Undergrad: 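Quick one: this structure, given as structure tokens, is what I'll be asking you about.
All ligand and atom numbering here is 1-based and tracks the order in the structure. Model, not experiment: these values are computed from the prediction.
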Amino acid sequence: MAARGEFSSRTAFVLAASGSAIGLGNIWGFPIKVASNGGGAFVFTYIILTFLLAYPILMAELLIGRNAKADTVKSMVKIGGKKSRGLGALTGYWGMLTASLILSFYAIIAGGMLSHASGSVANLVGLPVNWFVNDSMLGTIVFCAAFFVLTIGVVASGVASGIEKWSTRLMPLLILLIIALIVYIATLPGASEGWAIYLQPDFSKITEPSLVLDALGQAFFSLSLGVGTMMVYGSYVSKSENLPKLGATVAGMDIGIAVLAGMLVIPAMYVAQYNGVVIFDDKGQLLQSTDLIFNVMPSLFSSMGGTGIIVSLIFFVLMSIAALTSSISMLEVPVAYASDSLGITRKKSAWLIGLGIFAFSLVIIFNSAALFGLVVNFATEFSEPLIGILFCIFVGWIWQRNALLAELKQGSPDMENTLFWKIWPSYVRFVCPAIVLVLLLRSFL
Ligand code: PHE
């Protein structure tokens with residue numbers, strides 16, 4: 001069997017894992033949740049929850065992966081020992097299924113980003129924009145397919161020459177584009193109202209359970225937890241790296257970009273409103289999020305005249321990049337399994353599995369009213385938290401403490417004396433599963 005892939009450096013891992021974490025969830029989901037949940041109060045809660053709840057689970061995943069240096073099924077079986085191997089394998093398979101389900105709907109939205117990016121290019125060179133940007137079924141399918149080809153192409157090229165190469169190129173570009181757009185949008189009339197909402201927290205909302213639960217769900221999805229993505233990426237990290245530090249860097253990047261995205265999208269929404277675009281419905285509620293991306297933003301850009309075409313291009317390229325570095329990490333979960341456990345070559349498995357998931361995306365596209373919301377809810381509100389709890393149980397209760405410490409000591413020999421080792425083990429044992437259980441119960445009630 002070919003040698004297993006590995007990230008070539010610390011920076012490569014940080015950029016790839018941040019690339020997975022930073023996606024449509026940060027750049028679109030986060031600002032919208034902020035705008036509908038008391039502005040800065042949501043940001044505050046989100047940051048605290050990311051560090052208190054999501055980071056410990058991220059660490060659990062990274063460690064399980066690096067310990068076995070294998071796909072999610074093998075990794076879970078390894079720490080499960082004799083008694084819990086069945087449950088471990090089941091958790092691994094379920095994660096794979098969930099990652100695939102998330103990819104199946106994510107690629108449809110990402111295809112929309114690609115279609116708008118292509119529409120802006122068409123506009124720039126004087127081609128008819130309508131061909132690219134219309135709500136037709138054919139357009140949705142073509143751009144979803146194009147997005148799958150990109151995702152599969154990167155994953156098929158391997159860990160270092162695909163995932164790492166593209167993440168290290170695209171992530172810096174993404175950050176640059178966000179900053180450029182923030183600066184430009186801030187100069188437009190109406191932007192200051194958005195900034196005020198973002199920066200002046202309405203702390204009276206902080207006690208609302210819906211705010212806290214929204215922030216919790218957001219933190220979970222945003223750090224790509226509960227599907228095995230971070231486990232697989234962890235399995236490509238060298239044993240000489242200090243994992244708790246790397247994990248904290250990734251969590252910090254994820255928060256940082258979400259906060260930056262808020263500085264872009266929220267002021268942009270208010271500029272749109274200033275230009276006469278409707279962003280709130282009759283009841284004063286913010287419009288549906290898909291309307292906001294695919295109608296409000298384009299109307300905003302077209303109200304800006306010539307510059308609007310460039311701004312639109314930058315915005316949708318930015319969204320497409322964010323989506324791509326996340327989607328490759330989703331596809332990597334089943335592909336790692338096919339190559340590690342089944343011995344199928346990476347190239348073959350990336351194409352076979354990728355096209356299989358695309359086929360499921362088609363089923364969703366043709367039955368969108370019935371399926372889209374169902375798949376999103378099943379994967380993100382049910383599966384992700386439940387698998388997250390299972391990861392905590394495996395690390396907190398099943399993994400032998402000495403073996404866990406030995407794994408942590410690789411790359412951080414002084415681990416026993418750190419604050420991390422004093423707090424984290426009992427934290428993943430009790431606190432994380434309990435809080436995530438609350439999140440899970442909410443989705444039933
Ligand atoms: N974290 C990604 C985002 O914010 C989504 C994602 C979920 C990626 C699960 C991988 C696995 O958009």
Undergrad: Hey, does V227 come in under 3.5 Å of ligand 1, counting only N/O atoms on both sides?
TA: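 Not met; the criterion fails.
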Undergrad: Grab the two heavy atoms, one from F30 and one from N26, that are nearest each other, plus how far apart they are.
TA: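 Closest pair (atom of F30, atom of N26, distance): CB-O, 3.2 Å.
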Undergrad: Would you please indicate yes or no on a ring centroid separation below 6.0 angstrom for Y93 and Y337?
TA: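 They qualify: ring centres under 6.0 Å apart.
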Undergrad: Does W399 have its ring centroid less than 6.0 Å away from the ring centroid of F391?
TA: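 Aromatic pair excluded; centres sit 6.0 Å or further apart.
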Undergrad: Nearest 0.5 Å, what's the CG-OG distance between L63 and S75?
TA: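 Spacing of CG (L63) from OG (S75) equals 11.5 Å.
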Undergrad: Can you tell me if A99 has a non-hydrogen atom under 4.0 Å from ligand 1?
TA: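 Per 4.0 Å heavy-atom rule, A99 does not contact ligand 1.
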Undergrad: Return a yes/no value for G25: is any of its N or O atoms, backbone included, closer than 3.5 angstrom to an N or O of ligand 1?
TA: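 G25 vs ligand 1: N/O contact under 3.5 Å present.
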Undergrad: Mind checking whether F420 and W424 have parallel, tilted or perpendicular rings, split at 30° and 60°?
TA: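 Rings of F420 and W424: parallel, as their planes differ by under 30°.
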Undergrad: For ligand 1, is any non-hydrogen atom under 4.0 Å from A21's backbone (N, CA, C, O), its side chain (CB onward), both, or neither?
TA: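 Just the backbone.
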Undergrad: Is it the case that ligand 1 has an N or O less than 3.5 angstrom from some N or O of S326?
TA: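 No, S326 has no N/O under 3.5 Å of an N/O on ligand 1.
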Undergrad: For I22 and ligand 1, does the shortest N/O to N/O distance drop below 3.5 Å?
TA: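 No: no nitrogen or oxygen of I22 is under 3.5 Å from one in ligand 1.
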Undergrad: Might you work through the side chain to side chain donor-acceptor pair (under 3.5 Å) test for S312 and S120, ending with a clear yes or no?
TA: CA-CA 6 Å; S312 160; S120 314; 2.8 Å; yes
Undergrad: Would the F13 and Y236 ring centres measure less than 6.0 Å apart?
TA: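 F13 vs Y236: aromatic centres not under 6.0 Å.
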Undergrad: How are the rings of F316 and F294 set relative to one another: parallel (under 30°), tilted (30 to 60°) or perpendicular (over 60°)?
TA: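 Rings of F316 and F294: parallel, under 30°.
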Undergrad: Under 4.0 Å from a heavy atom of N26: give me the atoms of ligand 1 that qualify, with their elements.
TA: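 Matching atoms, with element in brackets: 4 (O).
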Undergrad: Tell me which protein heavy atom sits closest to atom 2 (C) of ligand 1, plus the residue, atom name and distance to 0.1 Å.
TA: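 Of every protein heavy atom, S20 O, 3.3 Å lies nearest to atom 2 (C) of ligand 1.
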Undergrad: Which atoms from ligand 1 have a heavy atom of S329 less than 4.0 Å away?
TA: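 Near S329, meaning under 4.0 Å from one of its heavy atoms, ligand 1 has 10 (C).
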Undergrad: Which of the atoms in ligand 1, numbered in the order shown and given with their element, are less than 4.0 Å from a heavy-atom of T229?
TA: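 Contacts of ligand 1 toward T229, numbered from 1: 10 (C), 11 (C).
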Undergrad: How far is atom 12 (O) of ligand 1 from its nearest protein heavy atom, and which residue and atom name does that atom have?
TA: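 Its nearest protein heavy-atom neighbour is Y106 OH, 2.6 Å.
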Undergrad: What's the shortest distance from atom 8 (C) of ligand 1 to any protein heavy atom, and which residue and atom give it?
TA: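 Going atom by atom, the protein heavy atom closest to atom 8 (C) of ligand 1 ends up being S224 OG, 3.3 Å.
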